[in-house]
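Let me begin by presenting the structure, written as structure tokens, before commenting on it.
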Amino acid sequence: MTSAHTDTFARDHLPPATQQPDYLFDLPALQFPAQLNCADELLDRPVREGRGARLCIQAPGVRWTYADLQARANRIANVLVHEMGVVPGNRVLLRAPNNPMMAACWFGVMKVGAIAVATMPMLRAKELTQMIVKAEVSHALCDAALADELRLAQTHCPTLTTPMLFNSRDADGLEARMTRHSPIFSNADTAADDTCIIAFTSGTTGQPKGTMHFHRDVMAVCACWPPHVLRPRPDDIFIGSPPLAFTFGLGGLLLFPMTVGASTVLLEKTSPQHLIDAIQTFGATVLFTAPTSYRVMAAQGALLRTTALRQCVSAGEALPVATRSLWREATGIELIDGIGATEMLHIFISADEAHARPGATGTPVPGYEARVVADDGTPLPAGQVGKLAVRGPTGCRYLADARQTTYVQNGWNLTGDAYLMDADGHFHYQSRTDDMIVSAGYNIASVEVEDALMQHPLVAECAVIGVADAQRGQIVKAFVVLRAGSEASDALVTALQDFVKATVAPYKYPRAIEFRSALPRTETGKLQRFRLREPA
Ligand code: 3UK
């Protein structure tokens with residue numbers, strides 16, 4: 001393999017081979033050549049093979065064929081190289097709601113052999129700064145509508161050059177520059193193991209972890225779950241809510257439709273009502289969203305029965321039995337549950353409609369192996385709760401992070417989930433093994449919310465936990481000890497909530513706040529979060 005990376009940052013910061021997981025490439029579809037560029041496979045190949053006129057991406061007012069997307073990605077690649085000075089291996093931040101230009105930019109970055117660092121639209125300057133510093137991001141392509149927080153971050157980011165804005169009419173914006181460049185571009189001849197994305201995950205400490213994935217990994221996830229579980233058709237129209245910056249969305253709403261020559265609908269607004277409207281407008285057939293969203297959408301099951309919707313995928317958080325039956329009764333569609341992780345890139349345990357068992361996530365996706373292990377790593381017999389361990393063609397490679405040896409042990413990836421395998425080999429989710437709060441599909445680290453609250457002048461002490469919630473799986477709950485002389489009130493609850501929303505991504509704010517005179521602590525002063533979880 002010959003790396004195309006003249007900027008060797010990613011390879012220099014990979015975990016040592018001894019700390020990486022074992023990789024499995026047994027499936028025939030996982031025999032990758034030494035040189036591989038995922039944009040060439042997913043985008044240029046269909047055009048080359050005569051499928052360029054097929055519909056690829058839709059959005060309100062937009063219909064792009066594969067050839068349209070290719071021409072745009074090529075022009076962007078030319079702007080990246082000839083105007084922005086991007087060289088293979090550079091990290092390029094991408095920031096946009098789900099829209100066609102975000103997809104074109106993603107492919108542009110792949111084509112030049114650079115590394116995409118996609119950021120969730122809701123992230124604020126603080127989180128953006130952490131990612132830019134960690135990944136030593138040098139360039140950015142940003143939707144003009146989301147430029148403010150990036151500009152704020154830039155003042156703390158010496159490595160970052162001026163962001164290039166798109167979806168703007170500016171004379172020096174990306175679209176204006178694209179018109180001055182050729183729609184033809186010769187892709188970087190990347191090695192299959194050149195890093196092409198660094199996907200950040202929030203983790204438990206609030207210090208985000210960057211997960212590194214290769215061109216080969218992108219193609220591997222396309223070769224495992226879609227053909228074996230989803231089995232999409234070329235005339236399918238994909239739609240859904242997860243951001244393209246979240247690997248659930250990247251796979252479900254961009255990579256997977258493109259592996260079969262299908263099309264995708266990219267929506268900037270993805271509330272349940274927006275999804276329902278768009279499913280009707282675009283005739284969508286395959287839906288990706290989280291359990292919370294299915295619960296709300298189920299109320300309009302009768303309407304959904306009149307649409308072309310035929311397959312629905314749930315991931316991001318545990319799917320309660322009640323939600324599965326609610327959706328089936330409302331729409332007649334059996335949900336496809338799947339557990340994925342940013343570290344693994346996409347889904348590794350899942351079940352199709354015919355094999356779905358209420359209460360179980362499913363069985364290992366072909367290409368992957370899973371088992372439940374004890375704390376010392378030894379496999380546990382069926383029926384016992386332990387740690388979920390998985391391995392397959394993809395796996396965890398943290399960017400320069402000591403937590404690598406926590407996630408990967410003995411060649412297996414430990415996802416941080418407690419699971420049970422039944423006698424028939426179906427895996428049943430139990431809980432997170434750490435302090436991660438998973439609310440409405442978002443992972444929220446207790447510590448990060450605590451850090452934000454502690455910045456408020458009236459807060460003396462606080463502790464944040466996840467509490468069970470019928471709608472969101474869990475919600476963030478904060479226990480707050482006020483400074484002497486301040487009074488608890490409903491107005492103060494709102495003030496603290498607003499304060500957190502302005503400090504970190506708004507979805508992390510505590511939906512419940514309880515005032516206490518003291519927090520439970522050990523004699524050595526360590527906070528005992530587990531005691532807050534006990535009923536009062
Ligand atoms: C939890 C689930 C039970 C679980 C993701 C699909 O969620 C994704 O990635 P993240 O890194 O979080 C990973 C953690 O989320 N989880 C996800 N799906 C399920 N728990 N049932 C599920 N079906 O704790 C896991 O360790 O944000 C999901 C595809 C790509 C992804 N990145």
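Whatever order the structure lists them in is the order used to number ligands and atoms, beginning at 1.
- Residues Tyr368 and Trp225 keep their aromatic ring centres 6.0 Å or farther apart.
- Under 4.0 Å is where a charged nitrogen must lie from a carboxylate oxygen, and between Asp194 and Arg11 at least one such pair does.
- A salt bridge is absent between Asp469 and Arg511: the closest approach of a Lys/Arg side-chain nitrogen to an acidic carboxylate oxygen does not fall below 4.0 angstrom.
- Relative orientation of the Tyr442 and Tyr507 rings is parallel, given thresholds of 30° and 60° on the angle between their planes.
- Applying the salt bridge (charged side-chain N to carboxylate O under 4.0 Å, His left out) test to residues at least two apart or on different chains, the pairs with a partner in residues 18-31 are Asp22-Arg391.
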Sub-3.5 Å pairs, protein N or O with ligand 1 N or O:
residue, atom, partner, partner atom, Å
ligand 1, 9 (O), Thr342, N, 3.4
ligand 1, 11 (O), Thr342, N, 2.9
ligand 1, 11 (O), Thr342, OG1, 2.6
ligand 1, 12 (O), Asn443, ND2, 3.1
ligand 1, 16 (N), Gly316, O, 3.4
ligand 1, 18 (N), Gly316, N, 3.0
ligand 1, 23 (N), Asp337, OD1, 2.9
ligand 1, 23 (N), Gly338, O, 2.8
ligand 1, 24 (O), Asp417, OD1, 2.4
ligand 1, 24 (O), Asp417, OD2, 3.3
ligand 1, 24 (O), Arg432, NH1, 2.8
ligand 1, 26 (O), Asp417, OD2, 2.5
ligand 1, 26 (O), Arg432, NH1, 2.9
ligand 1, 27 (O), Asn443, ND2, 3.4
ligand 1, 32 (N), Thr247, OG1, 2.8
ligand 1, 32 (N), Thr342, N, 3.2

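- In this pair, Phe246 and Phe248 present their aromatic rings perpendicular. The plane angle is above 60°, beyond the 30 to 60° band.
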